[in-house]
Amino acid sequence: MFVLSTSFTSSLAFRHNGLKAATTLHTKTTRLYSTTEKKAEVSNVPIPDPEAYNKLGMDDVVSLCKRRGFIFPSSEIYNGMAGFYDYGPLGSELKKNVKDAWWKTFVHAREDVVGLDSSIIHNPTTWKSSGHIDGFSDPMVDCKQTKLRYRADQLFYSPVVLKSTSETVGYVCVQENNDEIMIKDAKKQTKKLLKKLEQKGEPVEPFLFKDLTEANEEEMSQVPSPGSGEPTLTMPKDFNLMFQTNVGASTDSSSVAYLRPETAQGIFINYKNALGTSRMKIPFGIAQIGKAFRNEITPRNFIFRSREFEQMEIEYFIPEEGWEDFHAKWIDDAEQFLRDVGLQPDLLSRDIHLGDGLAHYARACTDIEFRFPFGTQELMGIAARGNYDLTQHSEGSGKTLDYFDEVTKERYIPHVIEPSLGVDRLVLALICSAYREDTIKDEKRNYLAFHPRMAPVKVSVLPLLKNKEVLVEVARELYDELKLRWNVDYDASGAIGRRYRRADEIGTPFCITIDFDTVEKDGKTVTIRDRDTTEQIRMKMEDVIPYLSEQIDGYK
């Protein structure tokens, strides 16, 4: 995990636990820099809106991401392409910060994990051995009237039962969402159904939702399609999610290949190579960040479920004995990482898979979930996969993928713990988690409270006036020095308050103002403004970089 200084930890606590922690942080900061700075008066204390997150909708998130250059629909000038997205100037920075933080935490900061970057297209036998060709599918239903397709496990149906007679008079069918929206949609359908049956206003029992994979043929004959409003859905059938392509000049069956639907298999087929060249001993892990592709039936919820996405995965190879302890440790480490990069702890939860919820090869699996605006969903999975994968590839390739333990003199096929995290899902979670609303002197402010390490832009350098060459020259010098270390912004356009708001909205944690005191008084001091508290401190120019380094990176 990150090696955090006291100041860095305090900064994290302040950004997610409110004004009291912020005051503690700045008190500490004042002590550290007491010889070089003087605290400026703060008259505008932000009043946070504690309900801001609960009011946040996905339309708000999508609009913010497009307006401020985080994420755009792919191929937008050609009316887009469902399930594909492009990362803009700010989004690409945020995404890079996410990947850098994960790599530093789980590869650079550990002695037992090495990195890998495997190809997107593997020998197709890889996918036969792994089971993807035969079994990598989702349940699908078709609407016979509208020709629309849906994932059956993302449609939920419920009988409409009259309270007065306990009679089932029909069914409603809604798409997966948070409970409030699903119930609201079901009530609308129920109202139309009762009106059609001339039983308007008749009280009904609470809805009992089940996904369509549990529906029998009799029920399916009465469940309305979301597209047509009539019972026009087919029974669920399997749909393989892999993108097929052809390699080489021919297009016959011998040239068929697949875009990888996950990054894990590239690690398993390179297990022996990585083990031998890195001189590692079990337990050890192989980490990989890379693109994966799934032909999702119904991509939805923005970048949460798309057809092209990026994964950060580790396959951690272990002996069979003691696998439970390894699994538990990885769950704790994974959740700590999510907190360290800035996710609000109260938005995180765990879901332990049991019984039928486990994959056939898995011994255990725990998901770390995040409460998105559209509901609580899986963010990261930590699975104990047994030795299934290496066994399958050993049998499929005819190559021995076992391990000889020089201490115990045993030879065995290693078991695996797999922490798997989607880059895009974490980016979305960070944007949602960072969203804040507050009021300053009766003026509403929206901003993104990214942890400084994750913020796309770390600092905005602001000359007080753009037409005063002496201010601009000093501001430019500072900007040029800061950009050697971080991604920083230079903004000289508009009133200073407006520039503060622009920086706040994209999550820039610090604004540095170059004013006349900077150039006219001894000591050459600047004003540093904190995004979350709007508190300002004056500091000598020579102390700016050590201060920012401690706040952003956790060390001077």
Assess whether atom [atom1] of [X] is packed by more than 12 heavy atoms of other residues, nucleotides or ligands within 6.0 Å.
{"X": "Phe404", "atom1": "CZ", "value": "yes"}
{"X": "Met235", "atom1": "CE", "value": "yes"}
{"X": "Ile121", "atom1": "CD1", "value": "yes"}
{"X": "Lys55", "atom1": "NZ", "value": "yes"}
{"X": "Arg279", "atom1": "CZ", "value": "no"}
{"X": "Asp59", "atom1": "CG", "value": "no"}
{"X": "Lys99", "atom1": "NZ", "value": "yes"}

[Y] and [X] aromatic ring geometry - parallel, tilted or perpendicular at 30°/60° bounds:
{"X": "Phe317", "Y": "Tyr271", "result": "tilted"}
{"X": "Phe243", "Y": "Phe84", "result": "tilted"}
{"X": "Phe374", "Y": "Phe304", "result": "perpendicular"}

Please tell me if the side chains of [X] and [Y] come closer than 4.5 Å, counting only heavy atoms from C-beta onward.
{"X": "Glu505", "Y": "Asn446", "value": "no"}
{"X": "Thr234", "Y": "Met220", "value": "no"}
{"X": "Arg425", "Y": "Glu378", "value": "yes"}
{"X": "Asn387", "Y": "Glu320", "value": "no"}
{"X": "Leu155", "Y": "Pro226", "value": "yes"}
{"X": "Arg300", "Y": "Glu176", "value": "yes"}
{"X": "Asp389", "Y": "Glu315", "value": "no"}
{"X": "Arg294", "Y": "Glu262", "value": "yes"}

Considering all heavy atoms of both residues, which atom of [X] and which atom of [Y] are nearest to each other, and what is their separation?
{"X": "Pro419", "Y": "Trp330", "answer": "CG-CE3, 3.5 Å"}
{"X": "Leu428", "Y": "Met58", "answer": "CD1-CE, 4.2 Å"}
{"X": "Glu313", "Y": "Ser420", "answer": "OE2-OG, 2.7 Å"}
{"X": "Ile183", "Y": "Phe207", "answer": "O-CE1, 4.2 Å"}
{"X": "Cys173", "Y": "Pro224", "answer": "CB-O, 3.2 Å"}
{"X": "Asp402", "Y": "Lys272", "answer": "O-NZ, 2.9 Å"}

Picking from Tyr85, Phe70, Phe309, what satisfies ring pair (Phe, Tyr, Trp, His ring centres under 6.0 Å) with Phe302?
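Answer after filtering Tyr85, Phe70, Phe309: Tyr85.
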
Does the salt bridge (Lys or Arg N to Asp or Glu O under 4.0 Å) test come out yes or no for Lys95 and Asp424, once each step is laid out?
CA-CA 8 Å; Lys95 194 176 187 182; Asp424 310 89; 3.8 Å; yes

Between [X] (side chain) and [Y] (backbone), is there a donor-acceptor pair under 3.5 Å?
{"X": "Arg149", "Y": "Asp142", "value": "no"}
{"X": "Thr126", "Y": "Asn123", "value": "yes"}
{"X": "Asn178", "Y": "Ile181", "value": "yes"}
{"X": "Asp185", "Y": "Met182", "value": "no"}

Does the pair Asp405 and Lys281 meet the rule for a salt bridge (Lys or Arg N to Asp or Glu O under 4.0 Å), with working shown?
CA-CA 8 Å; Asp405 191 316; Lys281 297 182 184 298; over 6 Å; no

Checking salt bridge (Lys or Arg N to Asp or Glu O under 4.0 Å) for the pair Asp333/Arg110: CA distance, chi angles, key distance, verdict?
CA-CA 12 Å; Asp333 288 352; Arg110 298 181 64 116; 3.6 Å; yes

List the steps, then state whether side chain to side chain contact (heavy atoms under 4.5 Å, CB included) holds for Val113 with Met280.
CA-CA 9 Å; Val113 178; Met280 284 285 180; over 6 Å; no

Test side chain to side chain contact (heavy atoms under 4.5 Å, CB included) on Asp367 and His353; report intermediate values, then the result.
CA-CA 8 Å; Asp367 290 340; His353 294 218; 2.6 Å; yes

Exactly one of Glu308, Gln311, Glu310 should register a side-chain hydrogen bond (donor to acceptor under 3.5 Å, both in side chains) with Lys291. Which one does?
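With Lys291 as partner, side-chain hydrogen bond (donor to acceptor under 3.5 Å, both in side chains) holds for just one option, Glu308.
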
